[in-house]
2 protein chains.
Amino acid sequence: MSRSNPRVLATLERAGGFASAQEVYQLMQREGESIGLTTVYRALQSLLSDKIVDVLRRDDGEAIYRLCGDTHHHHLVCKSCGDTVEIEGGAIEKWAKTMAEEFGFREVGHTAEIFGICSKC
Amino acid sequence: MSRSNPRVLATLERAGGFASAQEVYQLMQREGESIGLTTVYRALQSLLSDKIVDVLRRDDGEAIYRLCGDTHHHHLVCKSCGDTVEIEGGAIEKWAKTMAEEFGFREVGHTAEIFGICSKC
DNA sequence: GTGGGAATGAAAATCATTTTCATTTCTGCT
DNA sequence: AGCAGAAATGAAAATGATTTTCATTCCCAC
């Protein structure tokens, strides 16, 4: 069940740790690697569920995957160039926990993203 | 060029100021309004470029539109039954603003969701 | 009224993503 | 070796949101 194809992971690294499935596929094609689009999608999903990569959405809705360290963090993403800054989310953690408790939820997780236009754009 | 169809806007309001194009369309159908899906999409785009609505992305990539200036809130969603509670996000707003400023971002927005298992499940 | 631009919507096109399914490759086992 | 079954692969078809095309209808100034 190890579908986390290492060639896909390597390509994602080569791409600067930030690319869509289609881009990873095209990159591999251009570099002469023989792989199917389906396999790329499957590998990315597997990497995702293994928490080796992270997924975000571009403005047009395309999913982009990126390598991700294991420390829990959030992202500040530029809507224009896609540049990403990893930020601390201590305030969020506390907020999520408080709110969840207030309404009696358990096994709580959360997502949070900030997006805007970066200083370069 | 005023394609910001008022019926679409009204429906978006009725939906709680938060819905996808498909949902707006279905809601209008169910309520017996005669409108085409194309028109709904066009109206939403128009409302968007007039800055009357805002667009976000759901996890699955579907675009959801929301009235700007609507009091902004977040969701606490049960992973098991899908039940949703709307919650205040004052802490988040501040956090997002602070972080964005720190890194020189402008035109800042954010998304945040908390998910878990509710008390009934 | 009438001519032309704007609005409408059905149907087709597009595009990312997922599913299906037949084929190939790997694995452990004898 | 040889073989069975599991897992991986990828081409092609299916899906689902969104966009485009295009013919028709509506509306408004003249």
Side-chain angles (χ1 to χ4, degrees), chain A residues 1-12 15-67 77 79 82 84 111 113 115, chain B residues 1-12 15-67 82 111 113:
Chain A
M1 185 96 54
S2 113
R3 287 167 151 175
S4 303
N5 191 316
R7 289 188 298 146
V8 169
L9 180 55
T11 305
L12 188 56
F18 209 132
S20 72
Q22 303 281 344
E23 286 164 357
V24 168
Y25 174 65
Q26 278 165 34
L27 192 52
M28 293 180 82
Q29 295 269 296
R30 263 185 251 117
E31 293 180 352
E33 290 205 61
S34 168
I35 197 166
L37 183 54
T38 313
T39 304
V40 172
Y41 273 103
R42 273 194 288 238
L44 287 171
Q45 273 177 13
S46 181
L47 288 166
L48 186 62
S49 67
D50 289 351
K51 308 207 168 161
I52 295 168
V53 303
D54 225 8
V55 69
L56 296 178
R57 293 272 166 189
R58 269 214 263 272
D59 258 12
D60 67 350
E62 195 174 353
I64 50 184
Y65 300 85
R66 63 201 288 294
L67 295 173
V77 187
K79 281 190 276 196
T84 302
T111 59
E113 300 272 338
F115 44 89
Chain B
M1 186 99 48
S2 114
R3 288 169 151 175
S4 305
N5 192 316
R7 290 188 297 147
V8 169
L9 180 54
T11 305
L12 187 57
F18 213 132
S20 72
Q22 303 281 344
E23 286 165 358
V24 168
Y25 174 65
Q26 278 165 33
L27 192 52
M28 292 180 83
Q29 295 270 296
R30 262 185 253 117
E31 292 180 354
E33 289 205 60
S34 167
I35 197 166
L37 183 55
T38 314
T39 303
V40 172
Y41 273 102
R42 272 195 287 240
L44 287 172
Q45 272 177 11
S46 182
L47 289 166
L48 186 62
S49 65
D50 290 351
K51 310 211 164 157
I52 295 168
V53 303
D54 228 6
V55 68
L56 297 177
R57 293 271 166 189
R58 282 219 188 96
D59 260 13
D60 67 350
E62 194 174 354
I64 50 185
Y65 300 85
R66 116 184 136 194
L67 295 174
T111 58
E113 301 267 343

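All figures in this text were calculated on a predicted structure; none of them were measured in a lab.
Contact annotation: T39(A) does not reach the phosphate of dT9(D) (side-chain N/O to OP1 or OP2, under 4.0 Å). Phosphate proximity of dT18(C) to Y41(A): absent, as no side-chain N or O sits under 4.0 Å from OP1 or OP2.
The side-chain heavy atoms of Q22(A) and Y41(A), taken from C-beta on, include a pair separated by under 4.5 Å. Side-chain contact check for T11(A) versus I35(A): every heavy-atom pair is 4.5 Å or farther apart.
The CG atom of N5(A) sits 17 Å away from the P atom of dA7(D) (whole-angstrom rounding). Rounded to whole angstrom, the span from the CG atom of L44(A) across to the P atom of dG10(D) amounts to 14 Å. The distance between atom OH of Y25(B) and atom P of dA17(D), rounded to the nearest whole Å, is 12 Å. One can place CG of L47(A) at 13 Å from P of dA8(D), the figure rounded to the nearest angstrom. Spacing between atom CD1 of I35(B) and atom C1' of dT8(C) amounts to 9 Å, rounded to whole angstrom units. Atom CZ of R58(A) and atom C1' of dT18(D) are 17 Å apart (whole Å). Taking atom CG on D60(A) and atom P on dT19(D), their separation rounds to 10 Å, with Å as the unit. Atoms CZ (R3(B)) and P (dC27(D)) sit 16 Å apart, rounded to a whole Å.
Across every non-hydrogen atom of R57(B) and D60(A), the tightest pair is NH2-C, 3.4 Å. Residue L12(A) comes nearest to Y65(A) through the heavy atom pair CD1-O, 3.6 Å, listed as atom of the first residue, atom of the second, then distance.
Within the 3.5 Å criterion, the main-chain N or O of I52(B) finds no donor-acceptor partner in the side chain of D50(B).
When each of I64(B) and R42(B) is assigned the nucleotide of DNA chain D with its nearest heavy atom, I64(B) is the one assigned upstream, toward the 5' end.
Residue Q45(A) is classed as a sugar-phosphate contact, given heavy-atom separations below 4.0 Å to backbone atoms only. Nucleic acid contact for Q22(B): base, since at least one base atom lies under 4.0 Å from a heavy atom of the residue.
When distances are taken from the side chain of T38(B) to each of dA10(C), dT17(C), dA12(D), the shortest belongs to dA10(C). With dT18(D), dA11(C), dT17(C) as the choices, the nucleotide that has an atom nearest any side-chain atom of A63(B) turns out to be dT18(D).
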